[in-house]
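Right, one structure below, let's go through it.
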Amino acid sequence: MIEEARDGLVDLRHEAGDPRAIARRGLRLARLGKLEKMGLVTEHAPGVWELSDRLEPVLREFGQRGDIIRTMQKVLRAGGQERDPASFQIHACPPGVPIIGRVIDRRLSDELGENLTLVVDGIDGRAHHVSGFDPVRVEDARIGSIVEIGSADTASRPSDRAIAGMAEDGIYRPTRHLEQARFDGRVPSSDYDGFVEAHVRRLEALRRAGIVERIDAHQWRVPEDFESRAAAYDAGHNRQANVRVLSAFDLESQIAADGATWLDRRLIAGEASDLAPVGFGQHVGQSMDRRRERLIEQGDATRQHNGRVFYRRNLLATLREREVARVGAELAAAKSLPFRAVANGDTVSGKFTGTLQLSSDKFAIVEKAHEFTLVPWRPVIDRQLGREVMGIVQGGSVSWQLGRARGIAL
C-alpha cells in the first residue's frame, strides 16, 4: 500500500471491475480502517486516504517486535516453558527498572557483531528482551547464569572517595595526600608518588569536564557534591546498561554447592518479596527452600522449635573459605605445587596464570616457584595475564598494584 501511494495519498475511488479487484479493494479498505484507528492514516474524502509520515517506521517497529516475541517464545519452549506474550517486556538499553533473572538466550543483534541481545527469565515472572550490549562487556553473562541488568553504574570510584576525604575546606592538596599515604604505609611497592599522581590525573580529566578547578600546581578546588558529579560524569560516558553476574551457576548447582552462593545471600538477607509466584521467581523460591534445608543438614544453619532458622555467624565467609580450601587442595595435587590460603591484610605476589569460576566468586590464580594461591578476581587484572602482579587482600577483595600509574584506590 505504501508503494502505491502518490504524494502520500492512496486513492481507492476508481478501483472496480472484476470480482477480484472488488475483493482486493475491500481488503485494503479494511486495512486502512485499522491503520486509521492507530492514527497512521486519515480519510480526507470517500476512498482517498492520506498516509502519516510515521506509518512506515511504526509498522517496521511492529514487525521487529513481532519477530522478537516469536524468538522469545521459541527460546522458552526449548526450555519446556509456555508463557503468555503479554508477560514479555522489550527494553531499550539500559532498562528503566533493574532486572534480575536467568539468561536464557544471547545473540548478536547486527551483522557487524557489535551489539548483543540478552533474553532474561526474570524473578518478576516476566521474560525480558534487552538489546544494545557490547559483547566484550557481557562476556561472563552466559546462558544459565543469573544476572542483574540495571542502569549505567553510577557508584563513585574509590579514587573519588579518597579525593573527597582528603579535601579540606573544599581544597585538595596532592602534597597532603602524599604525606597521608606515606603515614598509612598501605601502598604496594611503596610507590607513593605514582599513587598520588594517579589521583591528580583523575582530577585533570574532571577539570576538563568542568567539575573541579585547578588553582595551581599544588591545589584543586573540589565542590561539596564532587562524588555524585564525578559519578554522573562517568555514567554519561557509559550509556550501556550495567550487567552484573550474580551467579555463574544455575539453581540446581547452587543448591548442592559447598561455597557461598547467590541463594545463600538471599537467605541471609531474607529476600523473597520480589519473587513472583510463577516462572523463574517460583523456581528461585523453591530453590531457596531446598538450599536452606541443605545448610541445616550440614550444620551451617539451625531451625528452632518456632520454625525460625538461624544461620552460622559469618556464613558466607565460612562457605567461601571452605570451597577455596577444597579447590586449592585439588589444584595442588594436579600442579604438584603447595596451595597457600590468604587472609585479610596479606600481601599477594607472583605470576597471574589464570582464573577459576567457583560458586562463591571468580578467583585469580597467582603462582610462585614454590606455591600458589587463589584470590578474588577483578576485571582490572585481566590485562596482566602471564605477568608478575602484587596486591593486598582487603575485605574479601584485592587492591592490585599494577605499575607506577596505578594505586590501591583506583
Side-chain angles (χ1 to χ4, degrees), residues 103 136 138-147 188-189 244-265 268 287 291 294-295 297-300 311-403 406 408:
V103 178
V136 176
V138 295
E139 183 179 358
D140 289 338
R142 298 180 174 87
I143 293 178
S145 61
I146 298 170
V147 301
S189 299
R244 185 162 64 101
V245 178
L246 302 177
S247 177
F249 292 79
D250 61 24
L251 296 178
E252 284 297 323
S253 299
Q254 291 185 56
I255 292 169
D258 59 352
T261 68
W262 175 63
L263 292 176
D264 296 325
R265 294 193 290 273
I268 291 174
S287 298
R291 178 62 174 176
R294 177 156 184 110
L295 293 174
E297 291 174 4
Q298 60 192 31
D300 291 314
Y311 299 95
R312 177 196 293 271
R313 185 179 180 183
N314 298 325
L315 174 64
L316 297 180
T318 299
L319 293 174
R320 182 170 55 248
E321 292 169 4
R322 186 183 301 167
E323 182 182 35
V324 169
R326 174 184 61 80
V327 173
E330 293 173 354
L331 281 176
K335 290 175 173 289
S336 298
L337 192 67
F339 165 70
R340 179 176 71 89
V342 295
N344 196 46
D346 285 353
T347 297
V348 177
S349 63
K351 181 182 290 186
F352 171 37
T353 60
T355 60
L356 200 61
Q357 181 66 64
L358 306 185
S359 61
S360 299
D361 206 345
K362 189 174 182 179
F363 287 80
I365 305 172
V366 180
E367 296 189 24
K368 288 185 175 181
H370 59 282
E371 66 180 16
F372 75 96
T373 190
L374 298 174
V375 293
W377 167 88
R378 286 177 58 193
V380 70
I381 197 178
D382 273 350
R383 294 184 180 180
Q384 307 301 317
L385 185 62
R387 301 177 183 177
E388 295 291 322
V389 295
M390 186 171 73
I392 298 177
V393 179
Q394 294 180 334
S397 184
V398 179
S399 295
W400 295 105
Q401 173 67 33
L402 305 175
R406 297 181 185 270
I408 62 172

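Values below: every heavy atom of this structure, side chains too, minus hydrogens, waters and symmetry copies. Numbers for residues simply follow the sequence, beginning at 1.
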Just wondering, are more than 12 heavy atoms of other shown residues or ligands nearer than 6.0 Å to CZ in R340?
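Atom CZ in R340 is crowded, with more than 12 foreign heavy atoms closer than 6.0 Å.
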Could you give the distance from [atom1] ([X]) to [atom2] ([Y]), rounded to the nearest 0.5 Å?
| X | Y | atom1 | atom2 | answer |
| --- | --- | --- | --- | --- |
| T318 | L315 | OG1 | CG | 6.5 Å |
| L356 | K362 | CG | NZ | 10.0 Å |
| S397 | N344 | OG | CG | 10.5 Å |
| F352 | I381 | CZ | CD1 | 4.5 Å |
| T373 | D346 | OG1 | CG | 8.5 Å |
| L246 | R265 | CG | CZ | 7.0 Å |

All side-chain contact (heavy atoms from CB on, under 4.5 Å) counterparts of [X], not counting sequence neighbours:
| X | value |
| --- | --- |
| S287 | L251, I255, L263 |
| T353 | K351, I365, E367 |
| Q298 | R294, L295, D300, L319, R322 |

With sequence neighbours excluded, residues passing side-chain hydrogen bond (donor to acceptor under 3.5 Å, both in side chains) with [X]:
| X | result |
| --- | --- |
| T347 | none |
| S349 | K368 |
| S359 | E323 |
| E321 | none |

Heavy atoms only: give me the nearest [X]-[Y] pair and the separation to one decimal.
| X | Y | result |
| --- | --- | --- |
| S145 | V245 | CB-CG1, 4.4 Å |
| R312 | G299 | NH2-O, 3.5 Å |
| S399 | Q394 | OG-OE1, 3.0 Å |
| G259 | D264 | O-OD2, 3.5 Å |

Under 4.5 Å between any side-chain heavy atoms of F363 and R320, yes or no?
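Yes, their side chains come closer than 4.5 Å.
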Residues which pass salt bridge (charged side-chain N to carboxylate O under 4.0 Å, His left out) with D361, listed by chain and number, not counting sequence neighbours
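Testing D361 for salt bridge (charged side-chain N to carboxylate O under 4.0 Å, His left out), a comparison that skips the adjacent residues, returns none.
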For R142, check salt bridge (charged side-chain N to carboxylate O under 4.0 Å, His left out) against everything at least two apart and list the hits.
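Testing R142 for salt bridge (charged side-chain N to carboxylate O under 4.0 Å, His left out), a comparison that skips the adjacent residues, returns D140.
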By ring-ring contact (aromatic ring centres under 6.0 Å, His included) - contacts of F372 (at least two apart):
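Once residues adjacent in sequence are excluded, the partners of F372 under the ring-ring contact (aromatic ring centres under 6.0 Å, His included) criterion are F339.
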By the ring-ring contact (aromatic ring centres under 6.0 Å, His included) test, which pairs, at least two apart or in different chains, include something from residues 377-399?
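Qualifying pairs: none.
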